[in-house]
Amino acid sequence: MDEAAHERIRAAVAAIPAGTTSTYGAVAAEAGLPGRARLVGRVLREDGHDLPWHRVLRADGTCAPHVAQEQAARLRAEGILVEGGRLPKAFRSRREP
DNA sequence: TACGTGACGCCGT
DNA sequence: CACGGCGCCACGT
């Protein structure tokens, strides 16, 4: 099993600074698994309960379909504005201007 | 063992 | 800008 990969993915997600966001693909790359965005989604589904999974969005800035509602609420709680289930371009890049 | 599915991503139309 | 198709890999049947 890719337990090591899971560990890295969890670490990458945990490393996302509060008030910023990242993407599945970025997290995968960060974990040394480029192209394994789907794996990131799987890991978050299985072991993401203790992680800031709400800071992980799709590459286009939209929220994950299954949890969009709660994710948007949590992001707003972090000070991130979400509109129409989508993240404004200004915030798209998990980096501050 | 093979097939279908999915917290995704990129390219073409 | 919206929609559809293909690629990717781990997992359940």
Side-chain angles (χ1 to χ4, degrees):
Chain A
M1 256 277 259
D2 304 324
E3 195 52 46
H6 284 217
E7 175 84 40
R8 270 191 259 245
I9 290 173
R10 278 177 287 189
V13 173
I16 302 172
T20 67
T21 65
S22 187
T23 67
Y24 293 95
V27 169
E30 188 75 23
L33 301 163
R36 311 287 175 268
R38 300 195 85 129
L39 181 59
V40 174
R42 246 194 122 63
V43 172
L44 287 183
R45 188 185 63 165
E46 272 182 41
D47 285 320
H49 48 76
D50 283 323
L51 296 167
W53 57 266
H54 52 279
R55 294 178 194 153
V56 184
L57 308 175
R58 287 190 177 183
D60 60 352
T62 60
C63 299
H66 289 262
V67 293
Q69 185 91 27
E70 188 171 336
Q71 180 160 36
R74 286 178 176 236
L75 286 175
R76 266 185 290 146
E78 300 248 321
I80 301 172
L81 185 60
V82 181
E83 198 161 295
R86 189 175 215 169
L87 202 68
K89 300 168 190 175
F91 281 81
R92 285 249 204 123
S93 153
R94 61 275 160 201
R95 229 166 311 244
E96 292 185 37

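Here is how names work: the chains are called A, B, and so on, in the same order as the sequence lines, proteins then strands, and each is numbered from 1.
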I want to check something: taking the side chain as every heavy atom from C-beta on, are [X] and [Y] in contact at a cut-off of under 4.5 Å?
X       : Y       : answer
A:Leu87 : A:Leu81 : no
A:Val56 : A:Thr23 : no
A:Glu7  : A:Glu3  : no

Counterpart residues, salt bridge (charged side-chain N to carboxylate O under 4.0 Å, His left out), relative to A:Arg8 (two or more places apart):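 A:Arg8 satisfies salt bridge (charged side-chain N to carboxylate O under 4.0 Å, His left out) with no other residue.
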
Can you tell me which residue pairs pass the salt bridge (charged side-chain N to carboxylate O under 4.0 Å, His left out) test with a partner in residues 69-84 of chain A, sequence neighbours excluded?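 Every pair satisfying salt bridge (charged side-chain N to carboxylate O under 4.0 Å, His left out) with a residue in residues 69-84 of chain A: A:Arg55-A:Glu78, A:Glu70-A:Arg74.
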
Runs of at least three consecutive Watson-Crick or G-U pairs, both distances under 3.5 Å, are what I'm after; which ones involve DNA chain C?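 The stems are B:2-6 with C:9-13, B:8-13 with C:2-7.
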
Determine which pairs satisfy side-chain hydrogen bond (donor to acceptor under 3.5 Å, both in side chains) with at least one residue from residues 27-41 of chain A, sequence neighbours left out, and list them in order. none

Listed pairs, N/O of protein and of nucleotides 7-11 of chain B, under 3.5 Å:
unit_1	atom_1	unit_2	atom_2	d
B:dA7	OP1	A:His66	NE2	2.5
B:dA7	OP2	A:His66	NE2	2.9
B:dA7	N7	A:Gly41	O	3.2
B:dA7	N7	A:Arg45	N	3.2
B:dA7	N6	A:Leu44	O	2.9
B:dC8	OP1	A:Arg58	NE	2.8
B:dC8	OP1	A:Arg58	NH2	2.9
B:dC8	N3	A:Arg38	NH1	3.0
B:dC8	N4	A:Arg38	NH1	2.4
B:dG9	OP1	A:Gly25	N	3.1
B:dG9	OP1	A:Ala59	N	3.3
B:dG9	OP2	A:Ala59	N	2.8

Using the P atom as the reference point in each nucleotide, state the distance between C:dT13 and B:dA7 in Å, no decimals. 15 Å

Roughly, in whole Å, what's the span from CZ in A:Arg36 to C1' in C:dG7?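 Going from CZ in A:Arg36 over to C1' in C:dG7 covers 10 Å.
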
Not counting sequence neighbours, which residues clear side chain to side chain contact (heavy atoms under 4.5 Å, CB included) with A:Val67? List them please.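 By the side chain to side chain contact (heavy atoms under 4.5 Å, CB included) rule, A:Val67 matches A:Trp53, A:Ala64, A:Gln71.
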
How many angstroms lie between atom CD1 of A:Ile16 and atom CG of A:Leu51, to the nearest 0.5 angstrom?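 Nearest 0.5 Å value for the CD1-CG distance: 9.0 Å.
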
